[in-house]
Structure formats: structure tokens, C-alpha cells
Visitor: 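Submitted below is the structure of interest, expressed as C-alpha cells.
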There are 2 protein chains.
Amino acid sequence: MKNDDSSTATLYEVASAAGVSPATVSRFLNGTAKVSDDKRKTIERVIDELNYKPNRLAQSLKMGSTRTIGVLTQSLESGYFSQAMIGIEDAVKQAGYALLIMSGHWHADEEAERVELLIGRRVDGVAILSGKLSDGQIQGYSQRVPIVAFGRKLEGERLMGFCLDNYRGACDAVDHLVEQGHRRIAFIMGPEDHEDAQARLAGYRDTLARHKITPDPALIVPGDFQESGGLLAVNQLLATNQRFTAIFASNDLSAYGARLALYRSNIRVPDDISIIGFDDLHSSMYTTPPLTTVRQPLYEVGKGIGRMMLAMLGQKQAEVEIPQLGLMVRESVRRIA
Amino acid sequence: MKNDDSSTATLYEVASAAGVSPATVSRFLNGTAKVSDDKRKTIERVIDELNYKPNRLAQSLKMGSTRTIGVLTQSLESGYFSQAMIGIEDAVKQAGYALLIMSGHWHADEEAERVELLIGRRVDGVAILSGKLSDGQIQGYSQRVPIVAFGRKLEGERLMGFCLDNYRGACDAVDHLVEQGHRRIAFIMGPEDHEDAQARLAGYRDTLARHKITPDPALIVPGDFQESGGLLAVNQLLATNQRFTAIFASNDLSAYGARLALYRSNIRVPDDISIIGFDDLHSSMYTTPPLTTVRQPLYEVGKGIGRMMLAMLGQKQAEVEIPQLGLMVRESVRRIA
DNA sequence: TTGAAAGCGTTACCAG
DNA sequence: CTGGTAACGCTTTCAA
């Protein structure tokens, strides 16, 4: 006597209980072919008597598709990547795809290992969110599985990639500051080996130059894309008595840290010093004051990634539009004489 | 002529190329039995000539285990749940388990659907992070798959659950406020139908009573665990001219919103009004001022969940210690006369 | 319409 | 030690 509470029934059991062949049950389940009304009835009845649920593993093995897309993110706790993942999920969910998420922690070796894991689990495609993998490595993986990479300008048979224009975003930020009358603008860098961080630095430099402002090297301080780095950066600026009226933090997290450092020194934002960030994390809307920043439309990016993936998987056609950066003017920047 | 770049070789191909039986290759791969040195050598060689990688799908089907644990979270973007997921991942990663994450968005129906999806994908166990599923439903699922639920005091054959003491945490928070001289303490509620939120409210009420402070109903304002709710809540307090010296926000997000509302009205924190939160999100360390709050050790919670899961899956033994809440005193509360 | 049977890529039992 | 072979649970020809 079987207790079918936990052990799930199989297609065979359904078939024999319904007095038909497994093939018929399968056809009924997938609508692959017509099934006579009487058989259909009994099959339906048996199915929910036995509480039958198809085994997706077996299906996957047979059909060569897991309906899973692997996501290589860098960190689960980053609000930045989370938005993109939500976008991906929203885009592929309806098509019956689930996400298998793994984090690479900005470490090429770990990322490579995770991608291998993903491929080993036979995901139908993998979405790579930034990271340190080389273009070559990614191209290599794309021989084995369709890939869409965010943060790379890559193109291939089974490979799509796109970037947001970080350089341009940084230019916009600095332009905004200059328009508001700032000329002595400090810059909190991101990690040296981070492409986006470099692009933002370049944007900062070039825009200053375009406005005939000579960049003061002492105003460019190291950071690490974390709050702590921003805090230290500003402390360094303060300790060395630099003169500046505004800070361009290369990401919002750094801006938060910077803001706290200023707070600790009783310097008001934006009254005494203006701050502009980059990313537009959700929480930047609620900092005090709300942070003016360059918006990265990560959710849309995620949707785009999901759609591209679906397209490569032969699911959809709709052209995917690449979202753009934009300046979010809030309250952390003040116009000065 | 085959190009083995993309199409992965199978165990059979390895076997025949090495002139041995599939069984032998399998045994070699899994160390299930001794394999003679010469055969081992050739197998090894063939394996990397063909760049063979076992198909985990087939393995799973055969062995009845996917080495995947399903996680039902409520939101991918919540720093709160992210910490727990990282903990889970860290706990199970070494044992070769991957996480299949799905979000229920605090909606019982959606959660149920996601759990079904997870089970359909044959995860070896599912971790449920809070949510609106009834204890009965969860017990039901546990007949089908091992479950560990966070936010429930549940126990069963294939079921473990534990809570953090939200009531106690709220008491600690209010005690702290009272110790600092506050007596008119406003409370920003969480969602009405959220158990933790209710526990925190109860803690607030009872602690006030314990200190012989009559709770003023006008000081208890609705919120929704989001920044926007906290903002509105404080605006309501201000608009109705309530007298209060401190705010207990039932979570950090609400506290952020509250803080912004105060900022907008030129009320200083903690000089004019003190704020205490609940959760201790990472970012609470960097708000201005850094937020005094009740810490929920979510990462540790996640580790605990992972370990419990491993234990149920027969992987480990180590007793799992349930982490406790604790007050994080920072700078948003001021002592008053 | 329907059924029989051949796989999908593994593992493990049973002989040898 | 090693090889055959029967599963695991499903889909899909191929015939009927």
C-alpha cells in the first residue's frame, strides 16, 4: 500500500491507472496530439487523484532544456545587481524560466568557477552581470551556452553584450556641478581595476578640461565603491585641508560614506558642500538630503538581458532597446556663486 | 568528424574511446570502486581530451537528488533577505548545493505557486523566509520535501522552523529610549497583517506600560515597512502637532523615511528628536546620523537555516544555535532630561 | 487517436 | 576489478 503524500506518482502510474499508454498521458499533458474525450476525462481524474506532477528533471533530460537561466552576479546583497536580477526574472518568468543565481564577488577565478557550475547544471543560457572575466573567457563560454553579458560590448553567434555609457554619465554629472557654479570638484574613485570606475574618472577629467578647469590631483581620492571608502576619502580630503565645494562620488555607496564623513565634521550638505553620486540606488531617494545622482536603469537593463536571452533561446522577437543613463536631480547639490 | 567545442561528450563516448565500459568510467568518476591503474590513466586522458563533464541532470534523475535547495524569499531587492540568502549559500555551498531562489512578494498565493515550482524542479529541500503561508500549508509541503522555515515555530519529521524574538527586541528598543529619558515615544507601525510587526507593536505597548507610561494612541501611526510609509507617518505626526521626543520605527526602512520627513521640517536628529529602528540593515551604519537600531542577525540566521537543511538532508550533525537579537547603539538617540 | 519502444546520460546491481 | 544491463521519468518517432 502506497502512501502518495510524499512520493510523487509517475507518468507510468497515471497511465496504468487510467488504462492508457504513457504516450497518451504525455500527449494529453503537452497537448501534443488529440486525445479522445473519454480518455481525457479519466486521465484528468487519475491525475489529480494521484496528485501527479511531471518530473521536470526527466523532462529536461529528455528535451535537452532545463528552462533555467543561470545568472552570474557579483553580490547578492548589492541593491545595484538586485534590480537587474528582478528585471531578468520579470522578463523570463512568463516563458517558464527560472533563475539559478550565483555570485562571483568580483573575482575572476570565482566567477569562472561559478559559470562552470552553471553550465554543469545545464542552464539554457547564462547572464553575466559585470565582473572580471575577460572578453576571451566569455567568448569561450559562449561556445558552450548562449550568453548575454552586461558591461561588455560583445557580439557573436550565441553571445550578446551591452554596456551603459559610464563615461557619458560622469560627464553629465560634472556638467551639472559646473553649471551650478562649482569649479573645485573632488572625485572619489572606484576600484582601480574596475572598468566602469575608470570610465567615470575619465568623464570627470575630460569634462573638467572641457570647462577649462585644471584638475587638481589632490582632489582625486581613492575609494572602493563602498561606504567605508567614501568615508575615508573625505576624511583624507579634510585632513589635508583641500579646498572644494563639491564631491563627485563614483557611486552612491561612496557618496553615502562621504556624506557621513562630512556630517561628522559638521559640514552641511548641500549648504557647505555639494555631493553627486552615481547609480541611483533606491535608497538614494531617502538619504538626507536626497542624493542627486546619475541613474543607472538597472531594472530595465535586467529586462533587456532577459529579453535578449529569450531571443537567443528562440522565444521572442521584439527588438530590445538598450536603456540609457540619466541625471536625477535631487537635493544634494546647491548652486553657488 | 565531431566538433566537441559545444556539444558535450557523454559517459558512453568516454567509455568507448577509452575502451572500457561505461560502468568503469562511472566508478572512476565517483570513486565507487577500485579501477586498475592503466584503465584509470586512459580514462583520465580521454576525459580531458573530450573535455567531458558529467551531466548533472542525468545524475540527478538517477540519484533522486538535484543538490539544489530552493529558497522562497519575499523580495530580491531587500537587504534584509539578501543577508539571509548569503548565509544560506555560505552554509550549503561546500556541500555542493546550489540555491534556486524565488520571490513570493508577501503574497500567500504567489508564495504557494513558487513553492510548487520549487518542488516541481525537484529541489532537495526548501527554505522559507518569512511570508504569508499558513503553518498548515507549510506543514503540508513538508510532507513532500524537507523544509526549514524562518519566522515560524514549527517542528516536524521533515520540518524545522525558528523565529527571532521580535517582541523582546521591541522591548529592548523602548527600554533604551526610556533609559535615555524619553517618555513620549511615537511608534511607526508595520503592516497590520505582519506577525513581526505585531510583535514589535506589542513590545512597544507592554514596555511603555511596564514603565508606567500611558501610551498615547495618537502617537501610534501606520506604516508599511517602507521608507515612504515612515515618511508619511512622521508627516502625520507633525501635521497633527503631536508632542514627542522619540520615534520607534518598526523597521529601519521606516526609520529612513521618518528621518527624511524630520529633515524636511528642519527637525534635527537626535538633537530635537531621537529615532530608533529595527533590523540593522547594513546601510544603517552610514545614515546621518548612524541609526541606533535592533539588530537582526540575518546572515547568521541564513547560516542556521543552511545548516539545519544540511542536517535534514543527512549531511551534518553540528547542533545549530539560533542567533539572537541585540541592540546596536549608534547616534540617533539622545539622552534627554 | 493510440500504443510500443527507443532513447536522454547516469548509476548500480549482478555476474564473472 | 570489470562488463552487461536495467532502471530513473519523460517525450517522440513509427506503426497500427
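Letters A, B, ... mirror the listed sequences (proteins, then strands); counts begin at 1.
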Visitor: Counting side-chain heavy atoms from CB outward, which of D/dA6, D/dC10, D/dG3 is closest to A/Ala58?
Guide: D/dC10

Visitor: My understanding is that only one of A/Asp124, A/Val148, A/Ile147, A/Val145 makes a side-chain contact (heavy atoms from CB on, under 4.5 Å) with A/Met312; could you say which?
Guide: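 When side-chain contact (heavy atoms from CB on, under 4.5 Å) is applied between A/Met312 and each of A/Asp124, A/Val148, A/Ile147, A/Val145, only A/Val148 qualifies.
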
Visitor: For C/dT10, take OP1 and OP2 only and decide whether either is under 4.0 Å from a side-chain N or O of B/Ser26.
Guide: no

Visitor: Going through the checks in order, is the salt bridge (Lys or Arg N to Asp or Glu O under 4.0 Å) test met by B/Lys303 and B/Asp90?
Guide: CA-CA 7 Å; B/Lys303 275 225 154 173; B/Asp90 283 355; 5.4 Å; no

Visitor: For B/Thr10, which contact category applies under a 4.0 Å heavy-atom criterion: base, sugar-phosphate, or nothing?
Guide: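 Sugar-phosphate, backbone atoms only, no base.
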
Visitor: Figure out the CD1/P separation between B/Ile47 and C/dT10, and round it to whole Å.
Guide: 10 Å

Visitor: Round to the nearest Å and state the distance from B/Leu61 atom CG to D/dA7 atom P.
Guide: 14 Å

Visitor: Side chain of B/Asn30: nearest nucleotide among C/dT11, D/dT12, C/dG3?
Guide: C/dT11

Visitor: Any side-chain N or O of B/Gln59 below 4.0 angstrom from OP1/OP2 of C/dT11?
Guide: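 Looking at the OP1 and OP2 atoms of C/dT11, one of them is under 4.0 Å from a side-chain N or O of B/Gln59.
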
Visitor: Would one find a side-chain N or O of B/Tyr52 under 4.0 angstrom from OP1 or OP2 of C/dT10?
Guide: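 Result: yes.
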
Visitor: Side chain of B/Ser21 only, please: which of D/dT11, D/dG4, C/dT10 is the nearest?
Guide: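 Output: D/dG4.
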
Visitor: Round to the nearest Å and state the distance from B/Lys62 atom NZ to D/dT5 atom C1'.
Guide: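 Interatomic distance, NZ of B/Lys62 to C1' of D/dT5: 10 Å.
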
Visitor: Measure CD/B/Glu13 against P/C/dG9 and give the value in whole Å, please.
Guide: 8 Å

Visitor: Any donor and acceptor pair, going by atom type alone, linking the side chain of A/Asn30 with main-chain N or O of A/Thr32 inside 3.5 Å?
Guide: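 Looks like no, no N/O pair under 3.5 Å.
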
Visitor: Side-chain N or O of A/Ser36 versus OP1/OP2 of C/dT2: is the shortest distance under 4.0 Å?
Guide: yes

Visitor: Quick check for you: among D/dC14, C/dT1, D/dG9, whose closest atom lies nearest to any side-chain atom of A/Arg27?
Guide: D/dC14

Visitor: Send over the distance from B/Met63 CE to C/dC13 C1', rounded to a whole Å.
Guide: 14 Å

Visitor: Could you tell me how far apart B/Tyr12 (OH) and C/dG7 (P) are, to the nearest whole angstrom?
Guide: 11 Å

Visitor: Find which nucleotide of DNA chain C each of A/Ala23 and B/Thr32 is nearest to by heavy atoms, and output the residue with the more 5' nucleotide.
Guide: A/Ala23

Visitor: Is B/Phe28 touching bases, backbone alone, or none of the nucleic acid, heavy atoms closer than 4.0 Å?
Guide: nothing

Visitor: Please state how far atom CG in A/Leu11 lies from atom P in C/dG3, giving the value in whole angstrom units.
Guide: 12 Å

Visitor: Just to be sure I understand: a Watson-Crick pair is purine N1 to pyrimidine N3 plus N6-O4 or O6-N4, both under 3.5 Å. Using that and G-U wobbles, which stems of three or more pairs involve DNA chain C?
Guide: C:1-16 with D:1-16

Visitor: Could you state the atom-to-atom distance from CG of B/Leu57 to P of C/dG9 in whole Å?
Guide: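 Taking CG of B/Leu57 and P of C/dG9, I get 10 Å after rounding.
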
Visitor: Fit a plane to each ring of B/Phe81 and B/Trp106, take the angle between them on a 0 to 90° scale, and name the class: parallel (under 30°), tilted (30 to 60°) or perpendicular (over 60°).
Guide: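 Judged by the thresholds at 30° and 60°, the geometry between B/Phe81 and B/Trp106 is tilted.
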
Visitor: Could you measure the distance from the CD1 atom of B/Ile47 to the NZ atom of B/Lys53? Nearest 0.5 Å is fine.
Guide: 10.5 Å

Visitor: Please tell me which of the listed nucleotides, C/dC8, D/dT2, C/dT2, lies nearest to the side chain of B/Ala33?
Guide: D/dT2

Visitor: Working note: B/Asp109 + B/Lys132, criterion salt bridge (Lys or Arg N to Asp or Glu O under 4.0 Å); need CA distance, chi angles, decisive distance, verdict.
Guide: CA-CA 9 Å; B/Asp109 292 347; B/Lys132 296 276 184 54; over 6 Å; no

Visitor: Which pairs would a plain distance check flag for residues 114-122 of chain A, meaning a side-chain donor or acceptor within less than 3.5 Å of a matching protein atom at least two apart in sequence or in another chain?
Guide:
unit_1	atom_1	unit_2	atom_2	d
A/Arg114	NE	A/Ser103	O	3.4
A/Glu116	OE1	A/Arg144	NH2	2.7
A/Glu116	OE2	A/Arg144	NH2	2.5
A/Arg121	NH1	B/Thr66	O	3.3
A/Arg121	NH1	B/Thr68	OG1	2.6
A/Arg121	NH2	B/Arg67	O	2.6
A/Arg122	NH1	A/Gly120	O	3.4

Visitor: Please name the residue in the list A/Val14, A/Ile43, A/Leu29 that meets the side-chain contact (heavy atoms from CB on, under 4.5 Å) test with A/Thr24.
Guide: A/Ile43

